[in-house]
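Values reported hereafter were calculated over all heavy atoms of this structure, with side chains retained and with hydrogens, waters and symmetry mates removed. Keep in mind that what you see is a predicted model, and the values were worked out from it rather than measured.
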Amino acid sequence: MDQITRQSVLDLLNGGWADYVARFQGLPPCAQAAFLEQQGYKRLADLLAHIVAWWEEGLQAIQRYKNDPAARQPEIEVDRFNARAVEKVRAVSEAEEIRVFEDARRKFAETVQKLSDEDFKDERVLNQIKWELVNHLEDHRINKPG
């Protein structure tokens, strides 16, 4: 995505991210297992929890940027953050985590709808969106078996 606009972000949330679970579930079981292993997760719920945790962090950061012109993203120890996200869903079913993922996706879309035109000129907001949605989808891209 060359330029981040409200519409391009909504298209991503309502396209690539909206189809994410269905694309995974459309893979044969052996391809699902291989994908999760390649991603470093045991279950789809664990991967989704990781994504949701970063989306929640990103939404909080965007709110900070809107409220404080001097706000910066704090340093986050990525491995610890990811491990905590997975630990929190250890006893959560895949179906429940899919629901949480869908709720988080809709919440992100609602937030994007409410961002002002000025927010879309704020490099901090744009970078946060790029990391959480664009780069994250690329990092966890599900390719159809070929």
Atom CG of D139 with >12 non-hydrogen neighbours under 6.0 angstrom: yes
Backbone N or O of [Y] within a donor-acceptor pair of the [X] side chain at under 3.5 Å?
| X | Y | value |
| --- | --- | --- |
| R43 | S93 | no |
| D68 | R64 | no |
| E97 | D46 | no |
| R23 | G16 | yes |

Of all heavy-atom pairs linking A85 and A53, the shortest is CB-CB, 3.6 Å
Quick one: does [X]'s side chain get under 4.5 Å of [Y]'s, heavy atoms only?
| X | Y | value |
| --- | --- | --- |
| F120 | L126 | yes |
| L137 | L133 | no |
| W54 | I76 | yes |
| Y20 | I142 | yes |
| L44 | Q32 | no |
| K88 | V52 | no |
| H136 | H50 | yes |

Value rounded to 0.5 Å, distance of [atom1] in [X] from [atom2] in [Y]:
| X | Y | atom1 | atom2 | value |
| --- | --- | --- | --- | --- |
| F108 | I62 | CZ | CD1 | 4.5 Å |
| L47 | K42 | CG | NZ | 14.5 Å |
| W17 | H140 | CH2 | NE2 | 6.5 Å |
| K66 | Q63 | NZ | CD | 6.0 Å |
| I98 | E94 | CD1 | CD | 4.5 Å |

Using a distance-only test with no angle check, is there a side-chain donor-acceptor pair under 3.5 angstrom linking S8 and D11? no
Transitively linked via ILVMFWY side-chain contacts under 4.5 Å: [X] with [Y]?
| X | Y | result |
| --- | --- | --- |
| V100 | V89 | no |
| L48 | Y41 | yes |
| F35 | V21 | yes |
| I51 | V86 | yes |
| W131 | L59 | no |

Step by step, would you call N135 with K130 a side-chain contact (heavy atoms from CB on, under 4.5 Å)? CA-CA 6 Å; N135 294 356; K130 182 177 180 184; 3.8 Å; yes
Identify the residue among T5, L10, L12 that makes a side-chain contact (heavy atoms from CB on, under 4.5 Å) with V112. L10
Does [X] come within less than 4.0 Å of [Y], counting only side-chain N to carboxylate O?
| X | Y | answer |
| --- | --- | --- |
| K121 | E118 | yes |
| R105 | E102 | yes |
| R106 | E110 | no |

Could you walk me through whether R6 and L115 pass the side-chain contact (heavy atoms from CB on, under 4.5 Å) test, one step at a time? CA-CA 8 Å; R6 182 184 324 278; L115 291 175; 4.0 Å; yes
